[in-house]
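Single-structure report; data block below.
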Amino acid sequence: MSDDATDRSNSGPGNFVDDLVRDDLARGLGRTLMTRFPPEPNGYLHLGHAKSICLNFGLAQRHGGVCNLRFDDTNPTTEEVEFVESIQADVRWLGFGWFKGPYYASDYFEQLYAWAEQLVVEGRAYVDSQDLEAIRAGRGDFHRPGVESPFRDRTVEENLDLFRRMRAGEFADGAHVLRAKIDMQSRDLNLRDPLLYRIRHAAHHRTGTKWCIYPMYDWAHGQSDAIEGITHSICTLEFQNHRGLYEWCFDALHFDPRPKQIEFGRLNLSYTVLSKRRLQELVAGGHVAGWDDPRMPTLAGVRRRGFTPEALRAFCDRIGVSKRDGVADVSLLEHAVREDLNARCPRVMTVLRPLKVIVENLPEGETVHFDAPLHPEHPAMGTRTLSFSRELFIEQDDFMEDPPKKFFRLAPGREVRLRYACLLTCVGVDKDPSTGEITALRCTWDPQSKGGDAPDGRKVKSTLHWVSAAHAVDVEARLYDRLFKVENPMDVPEGGSWKDHLNPSSLTVLRAKAEAHVATAGEGARFQFERLGYFAVDPDSKPGALVFNRTIGLSDAWAKIVAAGKAG
RNA sequence: UCGGGGUUCGUCUAAUGGCAGGACGCGGGUUUUUGGUACCCGCUACGGGGGUUCGAAUCCCUCACCCCGAACCA
């Protein structure tokens, strides 16, 4: 124990919210720790939400508390059931569950309205009948105080009457609003008589047409927290400016105990955009196939791509939680994904860009079988049988007629190993006489090297993946690259758009040859295609027509050598 | 310019008055039937300036820079 204080090698990523919660718990909260994840159902959840979900649910999990899922559904014009459903599915997929609920701010509309009337009665709120522009103008700006509305001094009776008639539907949208009566001189702009209710004759996805006035965020959120008994209301940095108003509401309603609002820095990721509005724009503009396009940073997208919830949670643990507005490197996410997939994925061989190989010393019609482990480090995962015959496919990238110095793979006269099979030597190259294009490789195998090692102990510098032409299954492989070409897509020159940074080759579709073992794989199944990366079966797959998404490639030392121009 | 936050390796993040540490990344190496994995070694940081102190990333002053805020969005 005493060593812990001095052993700095152990200190993991920071999480100042967790520290605060621990302090509060140590001091004695007097009630159960309760957090909440409060999405607005107006879009799909993305990686940024994953950070918030892991934070809120994680806190509850670690400290014997409870975390509510609550839909912040106070704006009927943007919210839809499609989203409340996808959000629940995504939270569950990530590995979290809620104790009761889910909850909805709309369930509290009646209570919220009653409290608003209370404010009116106490002279702390009034109905303003100025139009939008006048209200905006009256608010002033950073340097000028606001001016009071001419309607600010209406009597309680008049305010109550008007507010009730607002609810009753007597007025058109925009005719009146309910405002808190605070201080038009305040340096905190949120305290310059903020709007509490606006009229919206719009159907709500849950309350239908029962209401035609809807509470604003600032009126709904804190009170919803209080109703549920939330102890720690954790939100992102942009809400720091609202804390004064959050507290004002609790003062006005004399809430005790009250939730504590804590703000943290939202997740930003290099080479991607994380904002619902922009993701929506990518979908609407047809830049991707949908919210669940595997290139999207949505939870639906990365799930389809083959990311695991475990990897996402590990990533969220590792980036830490602070008040800094930073940008996490996408390579950290990729690392978490590879780390998890490496441990759990069975290995198989698939050739993405086939190059035909003819094994001259193996008679046509003859098949040799090899047993190969499904995971070299986990024998318990079992084995599968590989078929080897006269016609094979290897990767086009694995052969060069005139290789540079550091190219260890197949070349004329050179011997390599076929993974789990045998040693193979290239003895000739067939070319199309008119184009000069290589059509096939002439090779011989060493029957003494069955399994991959020669009895004479000779070594080869490279091991290639391969499939037998006669036994392979045709599959579609979808390769993904980063959606954006630049680290910060929001860094745009004058007159440009962040969408100018979209990577035109973020998707490559290939017709590949896979070993027979994958033929029966079901949707969502994950494999490592040896030497190529991790792949997951896409829902577009049909019987006999598998589609694989490349979740992430393996780290590729050779590609780095080539990119650095050091291949020799 | 007013208010609210923020500034530690390239990135994320520790250390809260006592040797600036970890992870990712990058470079090198060992092992290897994946140019994978694993393992080893190395790399780079306290925004600037003043002060307090035996001692400052940490406390004080000051400057600079960055983010958020003037929706009937959340």
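Here is how names work: the chains are called A, B, and so on, in the same order as the sequence lines, proteins then strands, and each is numbered from 1.
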Measure from NZ or CZ of [X] to the centre of the six-membered ring of [Y] and say whether it is under 6.0 Å with the direction within 45° of the ring axis.
X       : Y       : answer
R419(A) : W466(A) : no
R200(A) : Y214(A) : no
R167(A) : Y113(A) : yes

Scan [X] against the nucleic acid and name what it touches under 4.0 Å (heavy atoms): base, sugar-phosphate only, or nothing.
X       : result
T77(A)  : nothing
R324(A) : base
G14(A)  : sugar-phosphate
R409(A) : base
R417(A) : base
F407(A) : base
D72(A)  : sugar-phosphate
H221(A) : nothing
P376(A) : base
Q130(A) : base
E40(A)  : sugar-phosphate
G326(A) : sugar-phosphate
K461(A) : nothing
D453(A) : base

Among [options], which nucleotide has an atom closest to any side-chain atom of [X]?
X       : options                : result
M216(A) : U13(B), G25(B), A74(B) : A74(B)
I135(A) : C72(B), U34(B), U11(B) : C72(B)
E377(A) : G36(B), A74(B), G35(B) : G36(B)
D325(A) : C67(B), G25(B), G36(B) : C67(B)
D556(A) : G25(B), G35(B), A71(B) : G35(B)
K560(A) : U13(B), G27(B), C72(B) : G27(B)
N342(A) : U13(B), G35(B), G36(B) : G36(B)
K323(A) : G36(B), A74(B), G6(B)  : G6(B)
I561(A) : G36(B), C24(B), G35(B) : G35(B)
R243(A) : A74(B), G5(B), U13(B)  : G5(B)

Exercise for the section: Kindly state whether the pair F142(A) / G3(B) counts as stacked, where counting means centroids closer than 5.5 Å and planes tilted less than 30° apart. Expected result: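 The base of G3(B) is not stacked with F142(A) (the test needs centres under 5.5 Å and planes under 30°).
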
Handout entry: Aromatic-base stack, W558(A) on G35(B), cutoff 5.5 Å, angle under 30
Key =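 Check passed, W558(A) stacks on base of G35(B).
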
Practice task
Tell me which of G140(A) and D19(A) sits closer to the 5' end of RNA chain B, going by the nucleotide each one is nearest to.
Solution key: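 Looking at RNA chain B, the more 5' nearest nucleotide goes with D19(A).
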
Practice task
Could you pick out which residue, R200(A) or A421(A), lies toward the 5' side of RNA chain B when each is mapped onto its nearest nucleotide?
Solution key: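 So the residue in question is A421(A).
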
Problem - R409(A) with E395(A): basic N within carboxylate O range, under 4.0 Å - result: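 So R409(A) does not pair with E395(A) through a salt bridge.
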
Problem - Residues E281(A), R277(A): salt bridge by 4.0 Å N-O rule - result: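 Salt bridge: yes.
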
Handout entry: Student check: side-chain heavy atoms of Y108(A) and Q223(A) closer than 4.5 Å
Key =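 No, their side chains stay 4.5 Å or more apart.
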
Output the distance between atom [atom1] ([X]) and atom [atom2] ([Y]), rounded to the nearest 0.5 Å.
X       : Y       : atom1 : atom2 : value
E238(A) : R266(A) : CD    : CZ    : 4.5 Å
R154(A) : K181(A) : CZ    : NZ    : 11.0 Å
K461(A) : T463(A) : NZ    : OG1   : 12.5 Å

With a 3.5 Å cut-off and just heavy-atom distances, do the side chain of [X] and the base of [N] make a donor-acceptor pair?
X       : N      : answer
N241(A) : G3(B)  : yes
E334(A) : G25(B) : no
R338(A) : U37(B) : no
Q528(A) : U34(B) : yes

In whole angstrom, give me the gap between the [atom1] atoms of [N] and [M].
N      : M      : atom1 : value
A56(B) : C19(B) : P     : 11 Å
C9(B)  : C46(B) : P     : 7 Å
A57(B) : U8(B)  : P     : 15 Å
A45(B) : C39(B) : P     : 26 Å
U11(B) : G25(B) : C1'   : 8 Å
U30(B) : C67(B) : P     : 47 Å
A15(B) : U58(B) : C1'   : 9 Å
C26(B) : A20(B) : P     : 28 Å

Take the protein atom [atom1] of [X] and the nucleotide atom [atom2] of [N], then report the distance between them rounded to whole Å.
X       : N      : atom1 : atom2 : value
H204(A) : C73(B) : NE2   : P     : 14 Å
N190(A) : A74(B) : CG    : C1'   : 13 Å
N268(A) : G10(B) : CG    : P     : 20 Å
I199(A) : C72(B) : CD1   : C1'   : 10 Å
I394(A) : U34(B) : CD1   : C1'   : 15 Å
F535(A) : G36(B) : CZ    : P     : 17 Å
L189(A) : C72(B) : CG    : P     : 12 Å
F408(A) : U34(B) : CZ    : P     : 14 Å

Problem - Conformer about C1'-N of A70(B) - syn within 90° of 0, anti elsewhere - result: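 Anti, which is what one calls it when the glycosidic angle falls more than 90° from 0.
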
Practice task
Identify the nucleotide, in any strand shown, that forms a Watson-Crick or G-U wobble pair with U44(B), with both distances under 3.5 Å; if there is none, say none.
Solution key: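 Pair assignment: U44(B) / none.
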
Handout entry: Pair assignment for U58(B), Watson-Crick or G-U wobble, requiring both distances under 3.5 Å
Key =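 Checking every strand shown, U58(B) finds no partner, since no pair has both distances under 3.5 Å.
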
Problem - Residue among E377(A), E339(A), E310(A) satisfying salt bridge (charged side-chain N to carboxylate O under 4.0 Å, His left out) with R344(A) - result: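 Per the salt bridge (charged side-chain N to carboxylate O under 4.0 Å, His left out) rule, the option paired with R344(A) is E310(A), out of E377(A), E339(A), E310(A).
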
